[in-house]
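Below is one structure, written out as structure tokens; comments come after it.
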Protein chains: 2
Amino acid sequence: MTADTETRTNQTSRATYELRQWIINGDVAGGTRLREIAVAEKLKISRTPAREAMARLAEEGLLERMGSGGFVVRSFSIRDAADAIELRGILEGTAARMAAEEGVSRAEIDAMKETLANLDACFLETGELMDFEKYSEFNAVFHDQLVQMCKSTIVRRELERVKSLPFASPSAFVHDQPGGAAFHRSLIVAQQQHHELAQAIENREGTRAEMIAREHARTARANLLTAQIPQTGVETRMPGVGLIVN
Amino acid sequence: MTADTETRTNQTSRATYELRQWIINGDVAGGTRLREIAVAEKLKISRTPAREAMARLAEEGLLERMGSGGFVVRSFSIRDAADAIELRGILEGTAARMAAEEGVSRAEIDAMKETLANLDACFLETGELMDFEKYSEFNAVFHDQLVQMCKSTIVRRELERVKSLPFASPSAFVHDQPGGAAFHRSLIVAQQQHHELAQAIENREGTRAEMIAREHARTARANLLTAQIPQTGVETRMPGVGLIVN
DNA sequence: ACCCGCAGTAATGTATACATTTTATACATG
DNA sequence: CATGTATAAAATGTATACATTACTGCGGGT
């Protein structure tokens, strides 16, 4: 759902990709109605693949079907965005608990620990500055590894679904932000939570793992709320903020 | 998503409805590939609304897109079905916790208590037999009221999504079953949990509400597992069992 | 026996014409 | 002034022809 399965071979895949970019980049604001004809013309394709692309993005949760037909770019209040992050925490918590209770292989644990080491390496010797790009990358890897540890297809699927909302992705708020001090501290806390989470899973402490994952998401949630989306005309680097209207 | 918003006015809505029935009734087994042309011919419509209907059912989670195009009826292992019920419990638990922590109106509490009374009335004086039909109906009402108490659109939406899997619906296993004694007792337990859940929400005991809702779903989960789906050629009355293959 | 490639067939992908419904506007009416 | 209604415009719904891609089975090769 999230990955680029789009081989970009046919018009529909290309259209889906393009449209998704428009939405995530904020080229079309939340609440905007998408007209088949307009979309088709803009992408220089016929209405059929345009419609199909919109259907797929509706499946992804980026668009909404209107009762009378057609699609609207889904819009989210700040509360919705915060709730989406919290929900990710709930589901990651469930995945973590299931992984802990069912047990995971040595190889999976080791792979996760390697990611943790990579994340540790992103913090400089002085403890002050850090490599945001790499951190963001390995952070995504860590969260993917967590999902893979849960053997429930159903839980994995719903988790992927929630993560496909751009601002609910684990790495959504990991970017170089202007007011860096507090944010930098929150990353240190987050990384500590990563370590504890891996440990809890390894020790098969299900409840602990669940609660750490939840709290970990709330760290991200706090970053969203302090970012004050609509006010400061926040960095466009942050994906999907155009969908947050209220 | 679950409700019949389908006005049945146009071909697509009709096709969506028909196809959904086929799938839930088990007329097409899980894993079956649905060919546009075959579906279109069977419903005496053209390929376009047939395709559109399949896209919508994919959105609902009843169909899956194949990589090379086209759709397959989604199939679930028994574990998947059990996980889906557990996931419903997780999400209902989250809804219950949020409702408890945020607080709900007097009117909402009273409405839920009325439903509880209606459910109580389904148990006969003797405590032995009961009205399954009514119980099933009011049980669905109770669970809907619970969802409504949660003010998070995001959580509500995902919960509705999970509930749209036919066997994950709260009332899925509330039917007159042959081996009635143990099942009947489980309904008594379930009703007790309903009472406790309402009380916890009213008292704003978030964690308690969450845990009761989880445990409540596990009661349903146990009913699924004892039903031994593939073995006894279980009652066709139970919806969506045809999707459970393993 | 197994693998590979090459049709032929059957499916999905795409464009487009036409049908139907929705929506916007102007106007009449209480 | 508000409300409802008629009507035109513009959107989506539907069917279908044609294009392209995926599947299947056969035959040749090693």
Side-chain angles (χ1 to χ4, degrees), chain A residues 1 3-23 27-60 62-75, chain B residues 1 3-23 27-60 62-75:
Chain A
M1 193 86 76
D4 270 31
T5 320
E6 356 246 339
T7 42
R8 228 81 88 272
T9 61
N10 56 10
Q11 306 288 48
T12 301
S13 301
R14 203 174 55 80
T16 306
Y17 179 82
E18 290 279 343
L19 250 181
R20 189 191 293 117
Q21 291 305 319
W22 290 358
I23 294 169
D27 299 338
V28 288
T32 308
R33 177 172 181 176
L34 291 182
R35 289 172 181 82
E36 282 182 12
I37 300 179
V39 170
E41 280 176 0
K42 202 150 194 172
L43 291 168
K44 289 179 203 152
I45 56 181
S46 79
R47 279 175 53 207
T48 312
R51 166 187 280 249
E52 175 71 12
M54 291 194 284
R56 293 189 187 182
L57 292 176
E59 215 169 311
E60 253 176 60
L62 257 44
L63 299 182
E64 223 167 0
R65 283 179 198 276
M66 297 198 320
S68 54
F71 298 84
V72 190
V73 178
R74 201 166 155 203
S75 65
Chain B
M1 191 87 77
D4 270 28
T5 319
E6 355 245 338
T7 42
R8 228 79 90 280
T9 60
N10 56 10
Q11 306 287 48
T12 301
S13 301
R14 203 173 56 80
T16 306
Y17 179 81
E18 290 279 343
L19 250 181
R20 191 192 293 117
Q21 291 306 318
W22 291 358
I23 295 168
D27 299 339
V28 289
T32 308
R33 178 172 180 176
L34 290 183
R35 289 174 181 79
E36 282 181 12
I37 301 178
V39 170
E41 281 176 0
K42 203 151 194 172
L43 292 168
K44 289 177 200 150
I45 55 180
S46 78
R47 280 175 53 210
T48 312
R51 167 186 279 249
E52 175 71 11
M54 291 194 285
R56 292 189 187 183
L57 291 176
E59 214 168 310
E60 251 175 64
L62 258 42
L63 299 182
E64 222 166 2
R65 284 180 197 273
M66 297 198 320
S68 55
F71 298 85
V72 189
V73 178
R74 201 166 155 202
S75 65

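Letters A, B, ... mirror the listed sequences (proteins, then strands); counts begin at 1.
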How long is the straight-line distance from [atom2] of [Y] back to [atom1] of [X], given to the nearest 0.5 Å?
X        : Y        : atom1 : atom2 : result
Arg74(B) : Leu57(B) : CZ    : CG    : 12.5 Å
Met54(B) : Glu60(B) : CE    : CD    : 14.0 Å
Ile45(A) : Asn10(A) : CD1   : CG    : 10.0 Å

Between the two ends of the helix from dA1(C)-dT30(D) to dG30(C)-dC1(D), what is the bend in degrees, rounded to 10 degrees, where each end axis spans five pairs?
30°
Quiz: residues 35-42 of chain A side-chain donor-acceptor pairs under 3.5 angstrom, not counting sequence neighbours:
| from | atom 1 | to | atom 2 | distance (Å) |
| --- | --- | --- | --- | --- |
| Glu36(A) | OE1 | Arg47(A) | NE | 2.8 |
| Glu36(A) | OE1 | Arg47(A) | NH2 | 3.0 |
| Glu36(A) | OE2 | Arg51(A) | NE | 2.8 |
| Glu36(A) | OE2 | Arg51(A) | NH2 | 2.9 |

Please give me every residue in residues 37-46 of chain B whose heavy atoms get under 4.0 Å of an atom in DNA chain D, ordered by residue number.
Ile45(B), Ser46(B)
Just so I know, are the side chains of [X] and [Y] near enough to count as touching, which here means a heavy-atom distance under 4.5 Å?
X        : Y        : result
Gln11(A) : Arg14(A) : yes
Leu19(A) : Leu62(A) : no
Val72(B) : Thr32(B) : no
Phe71(B) : Arg33(B) : no

Return the value, rounded to whole Å, for the distance between atom [atom1] of [X] and atom [atom2] of [N].
X        : N       : atom1 : atom2 : answer
Arg51(A) : dA15(D) : CZ    : P     : 12 Å
Phe71(B) : dT12(C) : CZ    : P     : 9 Å
Glu52(B) : dT12(D) : CD    : P     : 12 Å
Glu36(B) : dA10(C) : CD    : C1'   : 12 Å

Of all the heavy-atom pairs spanning Leu43(A) and Ala15(A), show the shortest one and how long it is.
CD1-CB, 3.8 Å
Of all heavy-atom pairs linking Leu63(B) and Val73(B), the shortest is CD2-CA, 3.7 Å
Check this one for me: any side-chain N or O of Arg47(B) less than 4.0 Å away from OP1 or OP2 of dA17(D)?
no
If the cut-off is 4.0 Å, is Gln11(A) near the phosphate of dA15(C), judged by side-chain N/O to OP1 or OP2?
yes
Partner residues of Ser75(A) under the side-chain contact (heavy atoms from CB on, under 4.5 Å) criterion, sequence neighbours left out:
Val245(A)
Letter per nucleotide, 5' to 3', of nucleotides 5-10 of chain D [B base touched, S only sugar-phosphate touched, - untouched; heavy atoms, 4.0 Å]
------
Is there any protein nitrogen or oxygen under 3.5 Å from a nitrogen or oxygen in nucleotides 21-24 of chain D, and what are the pairs?
| from | atom 1 | to | atom 2 | distance (Å) |
| --- | --- | --- | --- | --- |
| dC23(D) | OP1 | Ser68(B) | OG | 3.3 |

Short N-O contact, Glu52(B) and Arg56(B), less than 4.0 angstrom:
yes
